Amino acid sequence: MAVHRDLSPETPPPPPPAEEDDSHARWKASVVSELARVVDNRAINAEYRHLVADCGEESAQARPGQFFQLLCPQPPGGGQPFLRRPMSLYGVDPEKRRVEFLYKVAGLGTRGLETLRAGDRLDIMGPLGQGFRLNADCRHIVAVGRGAGLATLAPLAKAAEARGIGVTAILSARRPDLLVSVELFRHHGAEVITVTDSQSTSGPANVERLLRRLIAEGRCDAFFTCGSSRLMGVQQRLAREFDLPGQVAMEQQMACGIGLCHCCVRDFNVNGEIVSRRVCWDGPVFDLMEALP
Amino acid sequence: MAVHRDLSPETPPPPPPAEEDDSHARWKASVVSELARVVDNRAINAEYRHLVADCGEESAQARPGQFFQLLCPQPPGGGQPFLRRPMSLYGVDPEKRRVEFLYKVAGLGTRGLETLRAGDRLDIMGPLGQGFRLNADCRHIVAVGRGAGLATLAPLAKAAEARGIGVTAILSARRPDLLVSVELFRHHGAEVITVTDSQSTSGPANVERLLRRLIAEGRCDAFFTCGSSRLMGVQQRLAREFDLPGQVAMEQQMACGIGLCHCCVRDFNVNGEIVSRRVCWDGPVFDLMEALP
Amino acid sequence: MSETRDIDMSVRIGGLTLRNPVMPASGTFAEGLESVIDFNRLGAMVTKTITRELRAGNPLPRVVEQPGGMINAIGIPSKGVPYFIERTLPCYTPYDTPLVVSISAPTAEGFASLAAELSIPGVAAIEANISCPNIEEDGKAFAMRAESTENVTRHLRAATNLPLWMKLTPNTGDMPEVARAAEAAGADAVVVANTILSMAIDLKTFKPCLGNIMGGLSGPAVKPIVLRHVFQCARAVGIPVIGCGGISCADDAAEYLLAGASAVQVGTATFVKPAVMVDIIDGLATFCQRRDIPRVADLIGATVIEEADEPDVSWLSPAS
Amino acid sequence: MSETRDIDMSVRIGGLTLRNPVMPASGTFAEGLESVIDFNRLGAMVTKTITRELRAGNPLPRVVEQPGGMINAIGIPSKGVPYFIERTLPCYTPYDTPLVVSISAPTAEGFASLAAELSIPGVAAIEANISCPNIEEDGKAFAMRAESTENVTRHLRAATNLPLWMKLTPNTGDMPEVARAAEAAGADAVVVANTILSMAIDLKTFKPCLGNIMGGLSGPAVKPIVLRHVFQCARAVGIPVIGCGGISCADDAAEYLLAGASAVQVGTATFVKPAVMVDIIDGLATFCQRRDIPRVADLIGATVIEEADEPDVSWLSPAS
Ligand SMILES: Cc1cc2nc3c(=O)[nH]c(=O)nc-3n(C[C@H](O)[C@H](O)[C@H](O)COP(=O)(O)OP(=O)(O)OC[C@H]3O[C@@H](n4cnc5c(N)ncnc54)[C@H](O)[C@@H]3O)c2cc1C
Ligand SMILES: Cc1cc2nc3c(=O)[nH]c(=O)nc-3n(C[C@H](O)[C@H](O)[C@H](O)COP(=O)(O)OP(=O)(O)OC[C@H]3O[C@@H](n4cnc5c(N)ncnc54)[C@H](O)[C@@H]3O)c2cc1C
Ligand SMILES: Cc1cc2nc3c(=O)[nH]c(=O)nc-3n(C[C@H](O)[C@H](O)[C@H](O)COP(=O)(O)O)c2cc1C
Ligand SMILES: Cc1cc2nc3c(=O)[nH]c(=O)nc-3n(C[C@H](O)[C@H](O)[C@H](O)COP(=O)(O)O)c2cc1C
Ligand code: FES
Ligand code: FES
């Protein structure tokens with residue numbers, strides 16, 4: 001297996017540049033950084049907070065699996081986060097022009113996010129990256145998430161519903177009270193199966209059993225997953241066994257978020273060759289079979 | 001006239017160091033940096049704001065002419081002021097443990113001060129520097145101030161009253177509505193004469209006339225001044241002519257505020273020799289006759 | 001944008017006239033930025049450094065945030081020259097903005113042959129990133145010393161007729177001398193500067209924060225240092241100096257021009273504010289307008305130095 | 001303070017044992033600080049650099065604030081040796097804390113005779129600030145080059161039996177070599193480092209913000225750069241390295257110790273937080289306690305470097 005890191009596949013071509021005679025008029029940004037206005041920012045359980053913000057037209061075009069880069073305010077006690085922080089789209093309303101995020105307070109930047117109150121401004125940049133692709137000939141998909149992946153997968157529920165695609169969501173967490181997105185999936189007609197560490201239901205063996213049943217029932221035309229490399233491994237095995245397609249949303253530390261800096265690379269196995277891709281630009285959603293843990 | 005810059009006179013000796021056997025117990029800070037609690041911070045006219053803060057025991061020992069170094073919060077629009085900003089003591093209450101400042105919004109730091117609300121914390125460091133000395137054999141002093149000098153001179157009013165010393169305050173400003181400390185001086189029994197540019201009463205000639213009258217009336221045993229080098233010049237001339245003592249509070253950009261860095265030096269004329277002194281440590285109050293404009 | 005009409009924003013860098021003095025710094029620019037800003041607004045475009053060989057780049061983590069900046073050790077992941085010519089170059093040819101190609105090689109000959117190979121239509125200038133190790137000199141970067149800089153510049157000069165910009169490192173004690181060496185050997189401009197070698201240690205693991213142990217500091221934190229280098233280099237050479245280090249607003253760019261830069265490159269600031277280069281261009285125009293300065297080029301080297309100001313370097317290192 | 005009891009905070013710098021590794025940086029410490037902190041808590045005390053001659057210092061303004069730091073061009077206002085011995089020294093002798101006297105001179109002989117003159121009771125060590133111009137070498141600072149560093153160190157070594165610390169400049173490209181030269185010539189420790197030469201221009205007046213045009217950057221902004229220098233120097237020499245640059249909390253100090261510093265100096269942070277050195281001492285004790293590290297000296301050079309981490313300097317300047 002030849003190792004060539006950072007040999008990204010062709011990146012999506014840039015939008016066709018404007019013609020010379022009328023360039024300024026023609027060119028239009030597809031990614032913006034704007035001062036969104038916070039509508040709400042509250043804890044929904046012991047770990048996660050839900051942030052809702054009014055935004056502009058472009059941001060409100062975000063699609064499931066895409067993400068934003070947030071310029072986090074300074075948390076109390078000082079220390080200005082210098083770089084933006086990536087956050088998956090959790091919800092979007094193109095009419096109301098509103099985006100939602102679900103985040104866990106981890107370090108400097110997210111501690112800054114925590115301080116935001118309704119009415120405050122938040123500099124958001126997006127929508128970014130390649131989101132999930134919902135294939136028209138899919139009838140029923142399975143979404144398997146854990147951790148921040150529960151936020152990343154959430155917007156699939158509405159999108160699948162809109163396309164008449166059935167969804168089974170297997171949502172994993174340490175404890176039942178730390179599960180998120182359960183109501184959201186149900187609201188959009190998905191079947192939700194919750195598995196937790198405290199109930200000893202979240203192990204790979206149990207999830208594999210659940211998935212095998214769904215496959216057997218013809219309710220798994222594709223896997224969508226995020227947030228657990230163990231569960232990703234289970235799905236990769238089943239996908240190979242049953243020749244099913246799948247997509248996975250990956251995380252990596254980011255600086256620019258738009259493919260400039262090559263700090264967010266990960267290795268992928270593309271037909272037996274290891275290639276390096278930028279999570280922000282070539283992903284964050286990748287082909288399940290190419291992802292490496 | 002020999003020029004030796006930065007040849008400061010003897011600095012006040014440090015407090016006697018503790019003995020070895022019991023050093024930690026004996027040593028006590030005379031200057032502290034503490035998080036004071038803002039009680040009030042409001043505009044009193046188009047230029048000046050009045051900041052009142054609850055503080056600790058040491059800060060509340062501040063005396064007229066001393067100053068504090070304030071660690072200003074970040075103003076909206078970013079840019080964290082790195083160094084502290086010097087502010088004269090405007091008022092102090094040792095019983096209530098409260099200090100007051102009067103400040104003009106000038107740049108980054110003071111724009112940060114402006115954002116403070118009651119209940120906020122403000123890191124103040126002080127009391128700093130050599131304040132005004134009120135000689136017991138003075139019967140009547142004259143205080144001449146302009147600009148930030150109106151704040152610096154203000155606490156003299158109460159101190160003089162307490163010692164039974166009469167005060168005449170000549171307060172100068174561009175317009176009558178920009179005058180500050182007038183009521184404060186009156187409250188403590190001082191006679192107040194206001195002079196302004198808009199009324200064409202603030203010129204040196206007029207102030208000199210006022211001062212000559214006070215001297216003639218025996219109501220000027222000493223000058224106390226701050227905030228105008230033109231008016232300082234007038235007083236130096238009169239002090240020489242009538243052999244009167246005087247004190248002047250000076251300004252200079254500061255970094256440390258406690259004599260460490262030598263960034264706040266000014267030249268003084270000491271018996272015909274130019275010597276350099278640190279405004280923060282040797283001053284900010286200096287002998288009127290030694291000051292250079 | 002209407003403000004920009006009244007001000008002549010153009011600057012000359014050797015043989016090239018740029019529509020304005022603002023361009024990206026190598027390694028912080030790629031096609032992806034087209035989703036945020038119109039490349040036809042820029043003074044020039046500068047590619048990530050490319051090498052002849054395929055290169056993997058450095059181990060992760062490649063970036064660590066610092067107060068007022070970041071340290072990076074991306075390395076130079078490179079897909080080689082054919083990929084660049086066939087796939088990357090065509091992305092930029094549609095724009096009416098000169099493309100500067102940044103190159104690197106481990107030997108002077110390597111630099112020369114790479115420059116020759118890339119002296120093709122669509123490439124407006126070569127920027128030689130000589131802040132990389134010279135394998136013929138024990139791995140010391142070319143730009144650490146005047147001699148090796150002169151040597152590599154001479155090789156490059158012989159290999160290409162394109163405008164040749166030499167990008168210097170601030171990790172040397174001799175920048176003005178190195179700049180003079182580049183000028184003597186025929187460079188058309190010097191870019192001052194690359195990042196400042198730095199380090200951070202993770203207090204949880206006691207390991208370096210970067211996979212590469214050390215990396216280059218960039219962002220606002222380096223601005224006062226690199227501004228000084230630009231001031232010193234601009235006084236040392238007659239060719240244009242292109243300033244690069246911590247520029248994140250029009251005021252920063254104006255400060256660099258005043259210090260003697262003929263143009264500026266913007267790097268890290270784009271990560272935080274992706275449209276910052278356009279803001280800087282508009283802001284420079286406004287800066288000139290407010291002061292009745294008709295041409296942005298009038299700012300170049302316009303710092304007022306008074307007689308009495310002659311530096312007494314005292315306990316500082318000398319001002320070259 | 002009770003925490004400090006359990007941890008052995010002492011460190012050895014050449015012949016000196018310090019009660020803890022925290023001391024002020026030269027030029028940021030004076031008697032005035034006694035009003036804020038107890039000097040008997042410090043690891044050592046370090047004076048502002050003194051010279052034989054009377055010196056005025058630089059024109060004003062001497063300081064300009066920067067994001068995350070400040071640039072200063074104070075110069076070395078000095079009242080000469082007799083004043084120091086008669087008036088300054090007695091202020092420090094009552095304390096049970098070693099006093100390090102920082103000296104400077106324009107020639108190697110000047111350094112030597114000043115050191116000899118100051119090798120008197122009450123002085124525990126000499127810190128030679130060789131970041132100042134060497135008038136015998138065209139004004140280049142001694143510490144810019146290994147040869148001049150070796151020469152001045154040799155002269156100093158012959159002139160005093162006191163522990164000799166050489167304070168280096170980061171404005172050279174050769175710090176590890178310079179440090180090796182100091183070691184070879186008999187220095188007991190190197191202090192890494194002085195400030196980084198920098199500049200700022202006032203956009204209202206177009207004049208330099210400092211009377212001296214250029215000055216030295218200090219404060220948090222320089223920390224990642226100087227930490228790297230300490231890491232490189234500590235690997236280059238066997239004598240202790242004293243780290244100095246941007247330290248403003250216990251975590252910063254711990255990072256320097258991990259990088260290889262045997263002690264640290266704190267400068268600019270004291271201007272912002274005057275009691276910061278005491279906080280750092282207490283914080284380092286807590287740092288060790290939380291990790292069950294019995295002696296603060298165990299942190300020195302304890303950075304974990306894994307095999308795979310061997311730096312690939314790529315487009316950065318080489319790691320010495
Ligand atoms: C595409 C993408 C989508 C994400 N979506 C979500 C989400 O919807 N909800 C959520 O809670 N979290 C999400 N994350 C993780 C989130 O970005 C990190 O938790 C956050 O950056 C931590 O920042 P901090 O300053 O609080 O932590 P610190 O540890 O102080 O951050 C230090 C640095 O490390 C980076 N970093 C730290 N943790 C991560 C991480 N897990 N992934 C990437 N970078 C990291 C930070 O961005 C920063 O540059 C996502 C990450 C990526 C890459
Ligand atoms: C002993 C002393 C007492 C003072 N008392 C008062 C007071 O009671 N009320 C009041 O309104 N002002 C007072 N000042 C002036 C006050 O310190 C400045 O207005 C303030 O520092 C400006 O800071 P800034 O960040 O808003 O302005 P900026 O212009 O952004 O400040 C930039 C730098 O210059 C310094 N600086 C700017 N102006 C002055 C100045 N006039 N004097 C000294 N340093 C300056 C700042 O401290 C800072 O370091 C006093 C100054 C001194 C030295
Ligand atoms: C992520 C990153 C990658 C970089 N890659 C390169 C590079 O490939 N070639 C190069 O010459 N400089 C490279 N640089 C240095 C920048 O071009 C620039 O010199 C430096 O970042 C200082 O400018 P700034 O402070 O505006 O970022 C890189 C900088 C960053 C932050
Ligand atoms: C105001 C000021 C004055 C200084 N004076 C001296 C000096 O006289 N001698 C010297 O060796 N270093 C001097 N320095 C440098 C400091 O000792 C120290 O090396 C530098 O500031 C970096 O440390 P810091 O970031 O903790 O301030 C001075 C620094 C400052 C800020
Ligand atoms: S974050 Fe910069 S390329 Fe992905
Ligand atoms: S401000 Fe530092 S000595 Fe006065």
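Remember, it's a predicted structure, so these values are computed and weren't measured experimentally.
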Does some side-chain heavy atom of B:Val265 sit less than 4.5 Å from a side-chain heavy atom of D:Arg62?
yes

When B:Cys256, B:Cys264, B:Cys263 are each screened for side chain to side chain contact (heavy atoms under 4.5 Å, CB included) with D:Val63, the one that passes is B:Cys263

Between B:Cys280, B:Ala255, B:Gly257, who has the most heavy-atom pairs with chain D when the cutoff is under 4.5 Å?
B:Ala255

Got a donor-acceptor contact below 3.5 angstrom from the B:Trp27 side chain to the D:Glu34 backbone?
yes

Which atom pair, heavy atoms only, marks the closest approach of D:Glu65 to B:Pro81?
OE2-C, 3.8 Å

If we only count heavy atoms from C-beta on, is the D:Lys273 to B:Leu71 side-chain gap below 4.5 Å?
no

D:Gln66 side, atom CD; B:Phe82 side, atom CZ - distance, nearest 0.5 Å
10.5 Å

Mind checking side chain to side chain contact (heavy atoms under 4.5 Å, CB included) for B:Cys226 and listing every partner two or more places apart, or none if nothing turns up?
B:Thr152, B:Leu153, B:Ala249

Once side chain to side chain donor-acceptor pair (under 3.5 Å) is applied, do any residues pair with B:Arg121, and if so which ones, sequence neighbours excluded?
none

CG-CG distance between B:Asp267 and D:Leu60, expressed to the nearest 0.5 angstrom
8.5 Å

Inspect the surroundings of CZ in D:Arg19 and state if more than 12 heavy atoms from other residues, nucleotides or ligands are less than 6.0 Å away.
yes

Are D:Val36 and B:Val32 side-chain neighbours, meaning at least one heavy-atom pair lies under 4.5 Å?
no

Report, in residue-number order, which members of residues 84-109 of chain B are under 4.5 Å from chain D by heavy-atom distance.
B:Arg84, B:Arg85, B:Leu108

Return a table of donor-acceptor pairs under 3.5 angstrom between the side chains of residues 55-62 of chain B and protein atoms on other chains or two or more places apart.
residue	atom	partner	partner atom	Å
B:Ser59	OG	B:Glu34	OE2	2.5

Reported CE-to-SG distance for the pair D:Met70 and B:Cys261, which is rounded to 0.5 angstrom:
6.0 Å

Note: vs chain B, highest number of non-hydrogen pairs under 4.5 angstrom among D:Ala275, D:Gly27, D:Gly68 is D:Gly68

Where do B:Ile258 and D:Leu33 come nearest, in terms of heavy atoms and distance?
CD1-CD1, 3.5 Å

Do B:Met125 and D:Pro274 have side-chain heavy atoms sitting under 4.5 Å apart?
yes

Closest approach of D:Gly32 and B:Trp281, non-hydrogen atoms and distance?
CA-CH2, 3.3 Å

Which value, rounded to the nearest 0.5 Å, describes the distance between D:Phe271 atom CZ and B:Gln69 atom CD?
10.5 Å

